[in-house]
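The block underneath contains the structure these notes are about, expressed in structure tokens.
Only a predicted model underlies this, so the values are computations on that prediction, with no experimental measurement involved. Convention: sequence-line order gives letters A, B, ...; per-chain numbering from 1. These numbers come from the heavy atoms of this one structure, side chains and all, not from hydrogens, waters or symmetry mates.
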Amino acid sequence: MKTQNDNESIPLNQGNINCHIPDDVCRQARLSRDARFDGRFFIGVKTTGIYCRSICPASPPKEHNVVYFDSSIKAAEAGLRPCLRCRPDSAPQSNAWKGTSSSLQRAINLIDHGCLTGENAESLTDLATRLGISSRYLTKLFNQQLGTSPKKYALYRQLMFAKQLLHQTQLPITDVAMAAGFNSIRRFNEVFKSQLQLTPSQLRRSLSPSKSSKLSESNKDKGAQGINLLLDYRPPYDWPQLWAFYQVRAVEGMEWLNEDNHAYGRSFSIVFDELEIRGTFEVAEVKGKNQLSLAVQFEDEQHIGYLFQVVQYVRKILDLDADMEVIEASFEPLTSMGMKVASGLRIPATASVFEAGCRAVLGQQVSVVQASKLLNVLAVNYGDKAVIGHREILFFPKPQQVAAAGLDEFKMPGARKRALNGLGEFVAHNPLSSPEAWIEVKGIGPWTIAYAKMRGESDPNIFLAGDLVIKNRIKALIAKQDLALGTATEFTAKDYQQLAEKISQQVSPWGSYLTFQLWKNDEN
DNA sequence: CGGAATTAATG
DNA sequence: CATTCTCCTGGG
């Protein structure tokens with residue numbers, strides 16, 4: 001008896017299976033510098049020992065000198081150094097495994113959000129425990145899928161971030177090391193040199209002077225102190241659309257918007273075991289570049305060591321790493337029914353799950369405009385204030401503050417006030433709970449929870465089939481189809497449920513994106 | 001820069 | 001799970 005276990009015995013030194021995208025697709029993409037492939041594969045050049053993004057402005061190397069990798073870490077593991085022109089460090093993250101709920105994916109997510117990085121870094125064992133697996137299995141997964149260890153992966157991400165800071169900011173090198181989460185400059189220099197074959201100061205000196213002066217000028221424009229960076233994304237990204245979404249829901253003092261450059265800023269507060277990191281971030285459109293500019297200010301400048309985490313946090317809020325090409329392809333079942341796709345529509349998240357929950361509760365049964373009026377009252381009456389960069393900034397109320405809020409000034413049903421208080425109390429007592437657990441709170445139902453998961457946890461797979469707007473949109477699509485085909489579909493509530501179930505499966509794991517599409521569609 | 005202490009990788 | 005090996009950091 002022979003067992004078929006080809007998949008089990010993947011050799012650790014993966015020979016020519018570095019890239020899951022076919023070579024000829026990669027070749028075409030790199031020759032046309034196709035931004036849609038940015039971050040989905042990397043080009044290693046054997047002769048120079050350098051690896052690039054698909055959009056690299058350098059003249060393309062000959063095909064026979066080229067090796068393709070599906071992740072930048074694999075290229076780095078092969079002994080190649082990141083290109084100084086296209087800067088693979090700031091490429092959008094996109095990986096074949098994205099959107100799966102595997103332990104590996106969750107581990108990568110946590111590491112990308114800095115859990116192994118910085119002064120109070122978690123140990124590998126802690127991380128493994130959090131995922132419910134052994135540390136042994138975790139390292140095994142990394143070796144199988146990425147060809148490297150968790151620690152090396154984390155280090156590589158730190159290093160790439162440091163490189164980005166050296167390129168894009170004027171920060172002193174010690175600050176760069178701290179901001180990237182290194183605890184000693186000694187180690188920073190060592191790792192940097194081993195991977196990039198340059199010292200940090202050499203890299204900074206090698207910058208073209210025109211570029212750095214341009215950057216500092218644009219920083220002056222905003223009059224902004226703090227740290228300015230550029231965030232790359234892979235098109236399509238309809239930022240003005242997201243900007244508008246935030247605009248109608250904005251809380252004055254906590255969020256601010258500027259129509260001219262589609263700037264959006266807000267306060268944030270992130271808690272890392274006991275330590276609260278507060279500050280503001282502001283993003284704005286960079287025309288024609290597939291980038292947003294980002295300015296971060298910490299309330300306490302000592303917290304610069306958390307910059308890496310903050311940048312990841314912003315990327316998540318603005319959904320910069322979504323792979324829209326894959327996501328939009330999954331809409332096919334509905335586009336074939338005549339749904340128009342608003343391309344580049346991503347999931348605008350909130351600063352915390354709790355905030356998403358409050359927004360959801362205050363949005364029950366009322367219009368968006370009314371909901372944001374209520375939200376403004378809540379924030380201004382119960383939230384903290386602090387001065388950051390000569391400006392008074394409002395923070396979204398903490399769970400404790402909402403729990404204790406009198407809410408007498410609110411014109412809404414008592415039941416909803418109690419739901420809001422109850423939510424605050426519940427989250428205050430179970431700060432790490434997921435929205436699913438909120439079902440215990442009276443007045444919080446499945447819709448509220450689903451909304452919180454979508455906007456608060458960036459869960460990509462929330463298809464709100466029961467939402468009234470969604471229901472109407474789908475019914476309208478059926479009617480449209482009937483009209484075109486001359487048929488008349490019988491449509492009971494049960495039929496709808498079945499259809500919704502089917503759609504939900506077809507679009508999985510991207511249900512949230514379809515939800516937003518259908519909401520958007522309704523506005524037209 | 002070197003080396004002691006600690007943590008991660010591996011069979 | 002025990003051994004080897006790499007990483008990390010405080011001090012010279």
Just by distance, no angles: are the side chains of A/S72 and A/Y156 close enough, under 3.5 Å, to form a donor-acceptor pair? yes
G-U wobble or Watson-Crick pairing nucleotide for B/dA5 (cut-off 3.5 Å, both distances): none
Pair pattern of DNA chain C in dot-bracket, where unpaired bases get dots and | marks partners in another strand, Watson-Crick or G-U under 3.5 angstrom: ||||........
The single option from A/R278, A/K385, A/R391 that satisfies salt bridge (charged side-chain N to carboxylate O under 4.0 Å, His left out) with A/E299 is A/R278
Just checking, is any N or O donor in the side chain of A/E328 or A/W510 under 3.5 Å from an acceptor N or O on the other one? no
Close approaches to DNA chain C from residues 119-128 of chain A, in residue order (heavy atom, under 4.0 Å): none
Checking side-chain polar atoms at under 3.5 Å, does A/Q297 have a donor or acceptor matched by the opposite partner on A/T280? no
Whether A/K398 and A/D384 form a salt bridge (side-chain N of Lys/Arg under 4.0 Å from carboxylate O of Asp/Glu) is what I want to check. yes
Could you give the OH-to-C1' distance, from A/Y153 to B/dA9, as a whole number of Å? 19 Å
A/D232 and salt bridge (charged side-chain N to carboxylate O under 4.0 Å, His left out): which partner among A/R53, A/R315, A/R87, A/K289? A/R53
Could you state the atom-to-atom distance from CG of A/L138 to C1' of B/dA8 in whole Å? 11 Å
Provide, to the nearest angstrom, the distance between the CZ atom belonging to A/R187 and the P atom belonging to B/dA4. 18 Å
CZ of A/F142 versus P of B/dA9: gap in Å, rounded? 10 Å
Within 45 degrees of the axis of the six-membered ring of A/W239 and under 6.0 Å from its centre: does A/R346 put its NZ or CZ there? no
Can you check whether A/S149 has a side-chain N or O nearer than 4.0 Å to OP1 or OP2 of B/dA9? yes
Separation of A/R186 atom CZ from C/dG10 atom P, in whole Å? 12 Å
Distance check needed: C/dC7 P versus A/K193 NZ, whole Å only. 16 Å
Would you check if the side chain of A/E355 reaches a backbone N or O of A/G456 as a donor-acceptor pair within less than 3.5 Å? no
What's the CG-C1' distance between A/N183 and C/dG10, to the nearest Å? 13 Å
Take the protein atom CG of A/N143 and the nucleotide atom C1' of B/dG11, then report the distance between them rounded to whole Å. 13 Å
Between A/E436 and A/K453, is there a side-chain N and carboxylate O pair less than 4.0 Å apart? yes
Using a strict cut-off of less than 4.0 Å between a Lys/Arg side-chain nitrogen and an Asp/Glu carboxylate oxygen, indicate whether A/R187 and A/E190 qualify as a salt bridge. yes
Expected rows: protein N/O vs nucleotides 1-6 of chain C N/O, under 3.5 Å:
none

Is the distance from the ring center of A/F42 to that of A/F69 below 6.0 Å? no
